[in-house]
Structures are given as C-alpha cells and as structure tokens.
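A short write-up of the structure that comes next.
Computed from a predicted model, the values in this text were never measured in an experiment. Quick note on labels: first sequence line is chain A, next is B, and so on, each numbered from 1.
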Amino acid sequence: MDGFIPVSRVFFERNVFDVAPTLLGCYLERSDSSGTVGIRITEVEAYAGERDPGAHAYRGQTARNATMFGAAGHVYCYFTYGLHHAINLVTNRVGVPYGCLIRAGEVIRGEGVARVRRESARRVHPVLPPDLARGPGSLAQALGVTLLDNGADLFGGNWRFLVPEQQTALPVTIGPRVGVRGVAGTFPWRYWISGDPTVSRYRSSI
DNA sequence: CCAACGATTAACT
DNA sequence: GTTAATCGTTGGT
C-alpha cells in the first residue's frame with residue numbers, strides 16, 4: 001500500500017495510552033476469499049484492563065476476553081448487541097489485558113468489496129462515499145470480520161498493519177469514550193483525527 | 001438454569 | 001431524539 005511501511009510487533013508492546021494515538025493514520029487490512037479491504041484508522045479508544053471499569057477485562061479473564069490477556073499485535077474480536085462485531089488491537093505484554101478499540105476508518109483499499117458488505121450504508125448520499133467504516137460495528141462489517149478473527153495475528157495470516165511512511169503530526173482530538181457508562185465514561189480515552197468526516201457521529205454517553 | 005444486558009446500528013418520529 | 005433488532009456472555013440463583 002502506497003505511503004505506508006511495515007512495522008514490527010514492538011509497536012504494540014507499549015503502554016496502551018502510547019499506542020492509541022499513534023494508531024491514527026495507520027493502515028489496517030483484512031483479506032479473505034471474498035476480497036481485501038484496507039482502512040486508514042481515524043478513531044480509536046483505549047481500554048485499560050483492571051484499571052478500567054469500562055473494559056471487558058475489568059473483572060478478570062474469561063473465555064470471551066482471553067485474547068486481551070495474550071500477546072500484543074493480535075486481534076481481540078467480540079460480538080455484541082446480538083448483531084455487531086468489534087475489534088481491538090491488543091497492546092502491552094502477555095498478562096496485561098490492554099487494547100485499543102478501532103472505532104472508525106477511511107476505506108482506502110477494496111471499497112467495492114466494502115460497499116457490498118455494507119449494503120445498508122448505501123443510501124446515505126448519491127455522490128459522497130457511504131459510511132463504510134464509521135463506528136466499530138460498521139468497521140468490522142466493512143472488513144468482513146467474524147468471531148473466527150478473534151486471536152488473529154496482525155503479523156502473518158490474513159491481517160496486515162502498516163504505519164505511515166511520512167511521520168506527519170496529525171491533528172488529534174481527545175474526548176470521552178462512547179457507550180461507556182459510569183465513572184469510566186468520563187475518562188478521556190478516545191482519540192480521533194480532528195475534523196475527519198469518517199469519525200463516528202456518536203458522542204459521549206455520560 | 002435463567003434473566004439481563006451490552007465498547008451498536010439504522011430506521012423511525 | 002427515540003427505539004427495535006438480536007444473541008452470546010455473564011453472573012446470580
């Protein structure tokens with residue numbers, strides 16, 4: 001992918017609050033037999049395990065969240081609301097269940113495939129691109145994610161992660177996370193590219 | 001075993 | 001702004 005270069009797993013073996021803002025502008029790609037879709041990440045949230053009442057891992061390890069407790073650079077995928085999938089990229093080291101929810105992105109490869117997968121998003125506007133990957137559920141749908149992707153490795157297999165070739169200082173806005181209730185909903189652990197139209201329209205739930 | 005609900009979305013009014 | 005859709009996971013009986 002033009003303008004992006006590979007990076008090692010060390011990128012994810014850092015504190016989640018260091019990783020989260022540096023994910024913005026990076027390239028995330030998933031391939032399967034139906035095609036390849038790649039996005040430029042525009043919105044993420046940090047989830048900090050036992051320190052974070054809003055995190056799945058807050059109450060310890062379960063069968064569902066086990067991937068978060070594993071090695072960095074893997075995909076934690078979960079199913080929620082009976083119909084949506086969402087993905088986190090696992091950070092830090094084994095045993096520290098921190099990760100970044102990928103909330104939104106700009107589809108820059110495989111838009112045709114993404115449009116087919118996101119048929120319901122088609123009628124947004126006759127000319128402008130539809131909301132292909134705006135919000136975690138939409139993003140997962142555009143990428144073709146299923147629960148089989150839980151535990152997938154970003155470094156090998158059908159996923160790929162690249163960083164921008166040019167280190168440009170993106171304008172970043174920080175604010176409360178979406179859909180997180182209680183005190184954890186006040187933590188400013190959401191990061192997005194300022195003014196980017198692909199960022200989810202949802203706002204704080206507090 | 002069972003009831004409640006969720007890191008949401010899209011279609012309503 | 002409000003709400004139905006929809007089911008795996010969780011935590012309490």
Side-chain angles (χ1 to χ4, degrees), chain A residues 12 16-17 19-21 23-24 28 37 39 41-70 74-92 96-107 114-126 128-152 173-192 197-206:
Chain A
F12 291 98
V16 69
F17 299 108
V19 176
L23 286 174
L24 297 174
L28 181 65
V37 171
I39 63 159
I41 298 171
T42 58
E43 180 185 8
V44 303
E45 285 176 356
Y47 285 85
E50 74 281 357
R51 300 168 50 185
D52 181 2
H56 288 172
Y58 180 61
R59 295 169 207 277
Q61 186 170 342
T62 66
R64 179 201 202 191
N65 65 26
T67 299
M68 285 282 259
F69 289 78
H74 290 257
V75 177
Y76 166 47
C77 175
Y78 65 92
F79 181 71
T80 191
Y81 290 102
L83 57 165
H84 301 297
H85 295 273
I87 56 170
N88 290 238
L89 305 185
V90 179
T91 71
N92 217 290
V96 181
Y98 294 7
C100 298
L101 172 69
I102 309 302
R103 283 195 59 87
E106 173 190 3
V107 175
R115 281 186 183 240
V116 170
R117 291 172 176 164
R118 296 270 309 127
E119 187 163 349
S120 62
R122 219 182 259 169
R123 62 175 207 77
V124 176
H125 190 280
L128 295 176
D131 295 343
L132 294 175
R134 194 186 197 200
S138 301
L139 183 145
Q141 191 177 14
L143 288 175
V145 169
T146 75
L147 275 184
L148 294 175
D149 288 286
N150 186 33
T173 309
I174 299 174
R177 296 177 294 184
V178 176
V180 177
R181 312 205 302 197
V183 64
T186 68
F187 303 165
W189 290 355
R190 181 163 65 112
Y191 306 80
W192 67 93
T198 67
V199 170
S200 66
R201 71 196 113 145
Y202 297 112
R203 290 294 176 246
S204 165
S205 63
I206 56 173

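Distance from the side chain of A:Leu101 is smallest for B:dA7 among the nucleotides C:dT10, B:dA7, B:dT9. Checking B:dA7, C:dT10, B:dA10 against every side-chain atom of A:Ser138, the shortest atom distance belongs to B:dA10.
Taking atom CD of residue A:Gln141 and atom P of nucleotide C:dA5, one finds them 18 Å apart after rounding to whole Å. Atom pair A:Arg103:CZ and B:dT9:C1' shows a separation of 11 Å (rounding to whole Å applied). For the pair A:Asn88 CG and B:dG6 P, the computed distance is 17 Å after rounding to whole Å. Between the P atom of B:dA7 and the CG atom of A:Leu89 lies a distance of 18 Å, rounded to the nearest Å. Between A:Arg177 atom CZ and B:dG6 atom P the separation is 15 Å, expressed in whole Å. In this structure, CG of A:Asn65 is placed 11 Å from P of C:dT9, rounded to the nearest angstrom. In this structure, CZ of A:Arg181 is placed 11 Å from P of B:dT8, rounded to the nearest angstrom. A:Tyr191 places its OH atom 15 Å from the C1' atom of B:dA7, with the value rounded to the nearest Å.
Side-chain nitrogen and oxygen atoms of A:Thr62 include none within less than 4.0 Å of the OP1 or OP2 phosphate oxygen of C:dT9. Distances shorter than 4.0 Å separate some side-chain N or O of A:Arg59 from OP1 or OP2 on C:dG11. An OP1 or OP2 oxygen of B:dT9 is reached within less than 4.0 angstrom by no side-chain nitrogen or oxygen of A:Arg134. At least one side-chain nitrogen or oxygen of A:Arg118 sits closer than 4.0 Å to the OP1 or OP2 atom of B:dA10.
Across every non-hydrogen atom of A:Ala142 and A:Arg117, the tightest pair is O-NH1, 2.9 Å.
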>> Assess the residue pair A:Tyr98 and A:Phe12 against the criterion (side-chain contact (heavy atoms from CB on, under 4.5 Å)); give the C-alpha distance rounded to whole Å, side-chain angles, the decisive distance to 0.1 Å, and a yes or no.
In response: CA-CA 10 Å; A:Tyr98 294 7; A:Phe12 291 98; over 6 Å; no
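The residue A:Gly137 sits close only to the backbone: its heavy atoms come under 4.0 Å of sugar-phosphate atoms, none of a base.
Relative ring orientation between A:Phe187 and A:Trp189 is described as tilted, the plane-to-plane angle lying within the 30° to 60° band.
Within a 6.0 Å sphere centred on CZ of A:Phe79, other residues, nucleotides and ligands contribute more than 12 heavy atoms.
Side-chain contact check for A:Arg118 and A:Gln141: at least one donor-acceptor pair (N or O, by modelled atom type) lies under 3.5 Å.
Near DNA chain B, meaning a heavy atom under 4.0 Å from it, residues 74-86 of chain A has A:Tyr78, A:Thr80, A:Tyr81, A:Gly82, A:His84 in order of number.
Remark: C:dA5 base-pairs with B:dT8; criterion is Watson-Crick or G-U wobble with both hydrogen-bond distances under 3.5 Å.
Between B:dC5 and C:dT3, the two C1' atoms lie 16 Å apart (nearest whole Å).
Without hydrogens or angle criteria, A:Asn65 side chain to A:Gly60 main chain gives a donor-acceptor distance under 3.5 Å. In this structure, the side chain of A:Glu45 engages the main chain of A:Val178 through a donor-acceptor pair within 3.5 Å.
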